[in-house]
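Here's the structure we're looking at; comments come further down.
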There are 2 protein chains.
Amino acid sequence: MGIVKERYKMKFAKLSVMRLFQYKDFLIRAKSIGIKNLFSDDLAEAMGTTSTQVRKDFSLFGLSGNKRAGYNIDDLLEQLNELLGKNEKQRVVIVGAGNIGRALMKYSGFYKEGLEIVALFDSDINNYNASANPPVLPLESLYEFICKYKIEIGVIAVPYHAAQQVLDIMILAGIKGVMNFAPIALKSPKDFYINDVNLKLELESVAYFVKALKMEQEEQTNDV
Amino acid sequence: MGIVKERYKMKFAKLSVMRLFQYKDFLIRAKSIGIKNLFSDDLAEAMGTTSTQVRKDFSLFGLSGNKRAGYNIDDLLEQLNELLGKNEKQRVVIVGAGNIGRALMKYSGFYKEGLEIVALFDSDINNYNASANPPVLPLESLYEFICKYKIEIGVIAVPYHAAQQVLDIMILAGIKGVMNFAPIALKSPKDFYINDVNLKLELESVAYFVKALKMEQEEQTNDV
DNA sequence: TGGTTAACGTGAAAATATTCACAAAACCAT
DNA sequence: ATGGTTTTGTGAATATTTTCACGTTAACCA
């Protein structure tokens, strides 16, 4: 088993992987303002975590720095790019040209990270626009399109009652993982990756935790 | 210490809280198609988790069912609504009228969960529209607005270099928690709640885990 | 009406994630 | 060179989350 393969951890360290992506974004910014080296402390400070966490994340994936001089940004970015796969371009289709689908489509930050939104699909004929960039195509052509261009990544941004149907088409056509905005637990084979993002839930939970914080404070006040 | 207060868990069980919100959404749907009762197994099946997890989540927050007959949806929803706070209306401001800000604004699902988007704020004069619903107002009026209407929840959907500034205004004006879409670790007092949502990261990570799955499969193939 | 059993509720155990604590390496000053 | 200092890298300890295992109880049935 090669070292590179061995570094693609899956079962464990999901959260570490997420943080690695964030470290990378920060490093790119730091580099752009002329910084050449930094310590795990600097990274931790910028990311709102601890230096131990940073080093542990790196340790888990075999990323290393220099014992006294910290991390050279160029070196570290190279290691991260190899590990996180910036170098292979990945094409992505979005299904659902509603608010979320269009917001993602317009977001320009994907391309330079190796992700290219190649098409949107929608069931509403009023949204079609084959000459736009990316084009907005009829949902009926989704299967064919994925097969033809060998797309592996999808985004599901359709209402919840349509989501499983869309996913089934994607799976059949050869997609291997999706980001899912529909608020429903989708069913998929074991070798398929689903990343659920539920914006309503995320906002609702803020309201809850704000209330929880208030309760905590009231308790403390009463305790004295 | 009252029982109700005690149920607002904060330090632990963050993930349980998130799931409770999801159970609630599912229960609302189940109710709308006429279902009256269900078992932890049904909930687990629908949510893509296990019945043990469901019962443990409920147990942590004192939610209970019936030993042989499972859960009555109406009862459970009532308990969840009390716990998760549907009943108090919460007003929310969004800062940043870009793609994400507008997508959230247009999303209609918040209102019936007790969340009301009362205004958007933007620094670009071209986006102002005081007579829209919700209105789009100049960023300069953010502080005053929050104070005047005693808003406690905010959404930050501005570019990363503006996010901390916006947050500082919010904190000063009395907001207690935000959902943050800016890809940066914001600094805030300890009694402030921040929920970071990084869509670029979420999509990038799909690409990573798809690749990791492939590697795993290749290994298994080679192992035979 | 009393036995059976399906489902809940929950301590204990296992798995996963984070933090601690310290050895090893690298640099610096002398 | 040598001793002191700073920072990495990582096992061990701790904390948190999930899963297991099983006692309990309410509904059903004979």
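Every value quoted in this text rests on a predicted model; they were computed, and no experiment measured them. We name chains A, B, ... by the order of the sequence lines, and we start the count at 1 in each one. Hydrogens, waters and symmetry mates play no part in the numbers below; they use all other heavy atoms, side chains included.
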Rounded to the nearest angstrom, tell me the gap between atom [atom1] in [X] and atom [atom2] in [N].
{"X": "B:Asp57", "N": "D:dT16", "atom1": "CG", "atom2": "C1'", "answer": "14 Å"}
{"X": "A:Asn72", "N": "D:dT8", "atom1": "CG", "atom2": "P", "answer": "13 Å"}
{"X": "A:Asn37", "N": "D:dT6", "atom1": "CG", "atom2": "P", "answer": "18 Å"}
{"X": "A:Asp42", "N": "D:dT8", "atom1": "CG", "atom2": "C1'", "answer": "13 Å"}
{"X": "B:Gln53", "N": "D:dT16", "atom1": "CD", "atom2": "P", "answer": "17 Å"}

Review item, nucleotides 6-12 of chain C N/O atoms under 3.5 Å of protein N/O:
unit_1 : atom_1 : unit_2  : atom_2 : d
C:dA6  : O4'    : B:Arg68 : NE     : 3.1
C:dA6  : O4'    : B:Arg68 : NH2    : 3.4
C:dA7  : N3     : B:Lys67 : O      : 3.3
C:dC8  : OP1    : B:Ser40 : N      : 2.7
C:dC8  : OP1    : B:Ser40 : OG     : 3.3
C:dC8  : OP2    : B:Ser40 : OG     : 2.4
C:dC8  : O4'    : B:Lys67 : O      : 3.4
C:dG9  : OP1    : B:Gly65 : N      : 2.8
C:dG9  : OP2    : B:Tyr71 : OH     : 2.8
C:dG9  : N7     : B:Arg55 : NE     : 2.7
C:dG9  : O6     : B:Arg55 : NH2    : 3.0
C:dT10 : OP2    : B:Ser59 : OG     : 3.0
C:dG11 : N7     : B:Lys56 : NZ     : 3.3

Mind checking what makes salt bridge (Lys or Arg N to Asp or Glu O under 4.0 Å) contact with A:Lys56, not counting sequence neighbours?
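Counting only residues at least two positions away or on another chain, A:Lys56 forms no salt bridge (Lys or Arg N to Asp or Glu O under 4.0 Å).
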Evaluate the side-chain proximity of A:Leu213 to B:Phe192: yes if any heavy-atom separation is below 4.5 Å, no if none is.
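Contact flag for B:Phe192/A:Leu213 side chains = no.
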Name each donor-acceptor pair under 3.5 Å that joins a side chain in residues 102-111 of chain B to protein atoms two or more places apart or in another chain, with its distance.
unit_1   : atom_1 : unit_2  : atom_2 : d
B:Arg102 : NH1    : B:Ala97 : O      : 2.5

Please tabulate, for side-chain N and O atoms in residues 67-77 of chain A, each donor-acceptor pair with protein atoms closer than 3.5 Å (sequence neighbours left out).
unit_1  : atom_1 : unit_2  : atom_2 : d
A:Asn72 : OD1    : A:Asp74 : N      : 3.1
A:Asn72 : OD1    : A:Asp75 : N      : 2.9
A:Asp74 : OD1    : A:Lys31 : NZ     : 2.8

Enclosure of A:Glu116 CD (heavy-atom neighbours >12, cutoff 6.0 Å):
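Counting other residues, nucleotides and ligands, CD of A:Glu116 exceeds 12 neighbours.
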Quick one: closest heavy-atom pair of B:Leu38 and B:Asp42, and the distance?
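Closest heavy-atom pair between B:Leu38 and B:Asp42: CB-OD2, 3.4 Å.
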Regarding A:Lys14 and the six-membered ring of B:Phe209, is the cationic atom NZ or CZ under 6.0 Å from the ring centre and inside 45° of its axis?
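Geometry flag: set, cation within 6.0 Å and 45°.
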Who are the side-chain hydrogen bond (donor to acceptor under 3.5 Å, both in side chains) partners of B:Asn198, not counting sequence neighbours?
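Applying side-chain hydrogen bond (donor to acceptor under 3.5 Å, both in side chains) to B:Asn198 gives none.
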Which residues, if any, of residues 18-28 of chain B bring a heavy atom under 4.0 Å of DNA chain D?
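B:Arg19, in order of number.
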